[in-house]
Amino acid sequence: MSQQLENIDEILKAHKLSKLDYAHIKEILGREPNLVEIGIFSAMWSEHCSYKSSKKYLSGFPTKAPWVIQGPGENAGVIDIGDGMAAVFKMESHNHPSYIEPFQGAATGVGGILRDIFTMGARPVANLNSLRFGDIDGNSETNRYLRHLVRGVVDGIGSYGNCMGIPTVGGEMSFESCYNGNILVNAFSLGLAKADEIFYAKAEGVGNPVIYVGSKTGRDGLGGAVMSSDSFTEESKKLRPTVQVGDPFTEKLLLEACLELFKTDYVIGIQDMGAAGLTSSSFEMAGRSGSGMRMYLDKVPAREERMTPYEFMLSESQERMLICAKKGSEDKVIEIFKKWDLDAEVIGEVTDTGRMELFWHGEKVADIPVAPVSEEAPVLDRPIKEPSYLKEIKTINLEPIKAKSNQEIFEKLIHSLDVVDKSWVYSQYDYTVQTNTQKAPGSLDASVIRVKENGKALALSSDCNPRYCYIDPKKGAALAVVESGRNVAMTGARPLAITDCLNYGNPENPEVMWQFAKGCEGIKEACSALNTPVVSGNVSLYNETNGESIFPTPSIAMVGLNESQERVLHSKFKNEGDIIVLLGKTKGEYGGSLLLKEMQNEIRGEISDIDYEKELKLWDFIIKANEQGLLESAKDLNIGGLAIALYKVCAISNMGCNVKTSLKDLELFDESQSRAIVSLKEENLEKVLNLANELGIEAEVIGKTESNKITINDITIDLEKAKDIYFNTFKKVIEQDL
Amino acid sequence: MKAAILRFPGTNCEFDTNYALKRLGFETQIVWHKEEKLPKCDIVVIPGGFSYGDYLRSGAIARFSPIMKAVEAYAKKGGYVLGICNGFQILTEANLLPGALKRNTNLHFISKFQHIKVASNKNRFLSKCKVGEILYVPVAHADGNYFIDEEGLDDLIRNDQILVQYCDKNGEFFDLNGSVNYIAGICNKEKNVFGLMPHPERAIEEVLGSVDGNKMLEGFLAC
């Protein structure tokens with residue numbers, strides 16, 4: 001089966017394996033590897049599959065709480081949401097493919113995360129996405145290509161989720177030059193299941209059949225996991241054939257067939273075929289159970305002729321699953337998939353050898369011990385070094401901005417693409433299907449879906465401010481957790497747990513690795529302090545083009561529970577004449593602010609210490625006041641501070657405001673944490689102020705809602721004009737060359 | 001009142017429709033497209049989704065499913081049939097309703113809450129609504145651009161077959177997707193087969209933002 005391969009150096013290079021890896025492989029096998037085996041090791045030890053650079057730092061994440069049913073390590077995390085129901089969720093990146101081929105890259109990103117959810121027995125009920133692009137406005141080739149990417153990514157996400165009938169209920173989109181050569185596409189999905197009917201990725205019981213279901217295997221996506229584990233250069237666009245092609249219709253059939261199968265008791269374990277396809281699914285299932293497996297690759301349904309064992313093992317064709325079923329149930333399992341016009345074939349069986357044995361028309365073509373490949377993949381301790389840029393960006397100079405009027409500043413900031421409404425994007429996503437959406441995209445802060453099964457509601461928010469992460473990788477990551485939790489709390493829900501998608505640059509650069517290490521520290525600190533454990537996640541490294549790494553971008557998605565779907569708090573003002581109260585302390589925070597970026601094109605400064613206790617009290621305040629029915633609306637303050645928060649709320653409420661606050665000058669744009677604005681009926685003012693006082697939260701009555709004008713101290717703008725800018729700016733930019 | 005809700009491969013609103021109709025007091029049954037017979041029922045509902053992935057043309061493949069022969073016979077005998085979104089597309093492809101649904105003029109999927117105005121209530125479906133009444137109901141489609149030739153449009157108008165039209169919150173007609181005459185939904189001449197792009201089954205509870213869909217679907221209850 002094995003003989004010394006000719007030109008082994010070239011083969012190793014093509015598979016991104018080092019001489020050291022090669023020696024390690026020979027040691028594991030006790031002989032020379034053949035090409036199939038090299039392909040398998042290459043895929044399984046790729047950064048994408050093995051987490052070899054990141055594992056060291058991920059191990060200390062807080063992952064436990066009484067409501068956590070399943071933490072990291074499975075296809076998705078699971079939390080208890082009461083009355084026997086569980087929420088299953090995860091976020092994943094599809095960055096590199098989306099840059100090469102935006103429509104298919106983004107579409108298959110959605111397809112992949114959906115399979116992670118329904119693999120566990122849950123029906124997906126809500127999607128979010130977190131998208132980062134570069135400079136989309138302007139006439140350069142880069143600007144035009146980025147607009148093409150935005151349009152393609154949005155189209156791809158919409159086409160997949162819409163066809164599947166899963167509402168895309170929210171997300172975020174922001175823009176920094178650092179993403180010009182490396183956009184980020186992070187997709188989140190959440191599903192619902194009965195808490196005692198969760199399925200896991202395992203393969204056990206000697207003789208139990210291993211069944212392949214779903215689409216046929218083609219040559220698409222060949223080597224995708226390895227491609228995603230490398231930096232980008234101009235050459236990378238040539239890698240288009242490594243991008244998978246999605247078929248949401250087949251995935252919809254696969255979803256329904258799997259959910260039908262889960263109602264039976266035939267399933268031992270199930271795993272989707274994502275990155276590294278049949279290789280990773282089979283190794284992971286066997287690895288987790290300490291089993292072995294025998295697979296007959298000539299039995300795998302093929303879409304193309306003359307495919308080889310190597311190609312079958314490494315193809316990333318979409319919409320496929322591997323199932324370990326109970327012996328004797330084969331025909332019944334196959335019958336369910338046939339009903340849905342899907343392929344289903346027994347391609348192997350579970351053994352107790354602890355080895356993966358692969359056959360091709362009777363001949364053994366690979367024989368690898370499972371554990372060293374899946375569970376004992378190499379862990380690296382890469383060198384780290386504090387980035388030199390950090391010392392140079394600590395100070396900020398606000399004097400030139402102070403020379404300008406607040407009105408002038410305001411009018412500049414309200415045009416920012418990070419601020420304006422993105423209905424051009426979300427109106428391409430079906431967000432009302434499944435009839436659960438209570439707080440839809442565009443409504444600010446978290447999105448909310450009700451849970452028909454138990455009368456409760458789930459709030460979801462994905463957040464990260466890459467500017468904060470650039471100037472302070474640790475606090476920036478912590479603040480992503482804090483902000484996502486705050487957004488969830490603003491709807492009256494209690495934040496429960498997060499999933500993360502850690503997007504960083506090239507780990508072989510010690511400065512990037514330092515950013516990553518600090519980011520993990522920040523997430524650990526925030527998740528512990530806020531009691532919101534990490535239940536699932538994904539790491540995306542090598543987000544670098546021509547040596548330029550992206551800003552650290554740890555996307556965080558928080559999930560929270562509202563005990564009553566009747567008491568979901570919205571961000572928009574309800575009645576004219578309601579009182580507006582500003583909660584929290586304004587401390588003079590301008591580091592990484594929207595103000596600096598828009599007015600001086602600078603991303604610099606520092607972030608002050610995070611007061612988690614204060615943050616939790618703010619959450620408590622909103623949740624309690626909402627339970628008592630004291631509030632009409634709540635909106636947290638983030639980029640652009642109080643002025644921008646009021647602008648956005650007024651625009652979506654079709655209502656103005658008359659605000660006079662003690663905040664002076666630039667403080668209107670200050671980005672201090674742990675702050676919010678709430679609106680309430682005058683009759684509830686005393687109770688609200690008492691509750692704030694009880695919890696030790698600063699509260700200032702700053703004004704009232706009114707009909708047609710937005711007035712904030714010395715800033716004033718006509719509501720109609722504000723709405724026009726808020727709702728139409730993005731469309732003008734993105735469609736300028738159509 | 002018994003409703004048969006059809007399920008094709010790729011249908012994705014069958015459970016929403018089932019939930020909405022049950023809440024209103026319908027007895028419901030979901031029927032697989034490979035069936036050749038309809039169960040005993042008072043109305044057939046073809047729900048929204050992407051039957052056969054919308055491949056070839058929305059609704060073009062589903063119309064050949066075995067169950068559609070039974071639906072055609074049922075409609076010819078005067079039975080009530082309601083097609084929502086993809087269901088509307090399937091009914092035009094099956095020639096049970098006139099006209100066709102093309103790609104939206106902006107070439108994008110359009111998902112939003114939309115105002116629609118009742119054009120006629122002289123039919124079972126909208127019997128609980130007033131003419132000129134403005135309803136607020138979600139739309140979610142890529143191919144909702146209703147087309148019919150001039151002669152056909154004259155027929156629709158003459159026979160009072162236009163059910164609802166897109167409008168703004170003040171009732172002014174609104175060009176959402178390029179549809180001829182702002183048409184959002186129609187019925188056949190005999191007024192027993194109905195199709196519309198908006199989703200009444202998604203506007204059934206206050207927590208979802210509108211209850212206007214109930215008023216529409218309830219029209220069938222008195223059957």
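Proteins come first, then strands; the chains are lettered A, B, ... in the order of their sequence lines, and each starts at number 1.
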Got a second to check how far Glu205(B)'s CD is from Asn436(A)'s CG, nearest 0.5 Å? 9.0 Å
Is any side-chain N of the basic residue among Glu256(A) and Arg7(B) closer than 4.0 Å to the acidic one's carboxylate O? yes
Keeping Lys34(B) on the side-chain end and Lys339(A) on the backbone end, is there a donor-acceptor pair under 3.5 Å? yes
Residues Gly53(B) and Phe249(A): closest non-hydrogen pair is N-CD1, 3.2 Å
With a 4.5 angstrom heavy-atom cut-off, could you sort out which part of Tyr429(A) is near chain B: side chain, backbone, both or neither? backbone
Straight-line distance of Asp430(A) CG to Cys13(B) SG, nearest 0.5 Å: 7.0 Å
Determine the minimum heavy-atom distance between His108(B) and Trp424(A), stating which atoms define it. NE2-CZ2, 3.7 Å
Please examine the side chains of Arg123(A) and Phe15(B), heavy atoms only from C-beta on, and report whether any two atoms are closer than 4.5 Å. yes
Does atom NZ (Lys572(A)) have a neighbourhood of more than 12 heavy atoms from anything else shown, all under 6.0 Å? no
Contacting region of Thr437(A) [heavy-atom separation from chain B under 4.5 Å]: backbone
Gap between atom NZ of Lys452(A) and atom CG of Asp16(B) - 0.5 Å precision: 5.5 Å
Establish, yes or no, whether the cationic atom of Lys252(A) lies under 6.0 Å from the six-membered ring centre of Phe50(B) and within 45° of the ring axis. no
Less than 4.5 Å to any heavy atom of chain A: does that hold for the side chain of Phe113(B), its backbone, both, or neither? both
Taking the side chain from Asn12(B) and the backbone from Ile166(A), do they hold a donor-acceptor pair closer than 3.5 Å? no
What is the minimum heavy-atom distance between Arg202(B) and Thr435(A), and which atoms define it? CA-CG2, 3.6 Å
Below 4.5 Å, heavy-atom pairs only: which of Gly165(A), Cys163(A), Gly442(A) has the largest tally toward chain B? Cys163(A)
Give every donor-acceptor pair under 3.5 Å between a side-chain atom in residues 128-139 of chain B and any protein atom, sequence neighbours left out.
residue, atom, partner, partner atom, Å
Glu133(B), OE1, Lys130(B), N, 2.7
Glu133(B), OE2, Lys215(B), NZ, 2.3

Decide if atom NZ of Lys338(A) counts as having more than 12 heavy atoms of other residues, nucleotides or ligands within a radius under 6.0 Å. yes
Scanning both residues in full, the closest heavy-atom pair of Gly10(B) with Leu253(A) reads N-CD2, 4.1 Å
When you look at NZ of Lys456(A), are more than 12 heavy atoms from neighbouring residues, nucleotides or ligands closer to it than 6.0 Å? yes
Can you say whether Tyr55(B) sits under 4.5 Å from chain A via the side chain, the backbone, both, or neither, judging by heavy atoms? side chain
Comparing Gln565(A), Arg450(A), Glu735(A) against chain B, the one with the most heavy-atom pairs below 4.5 Å turns out to be Arg450(A)
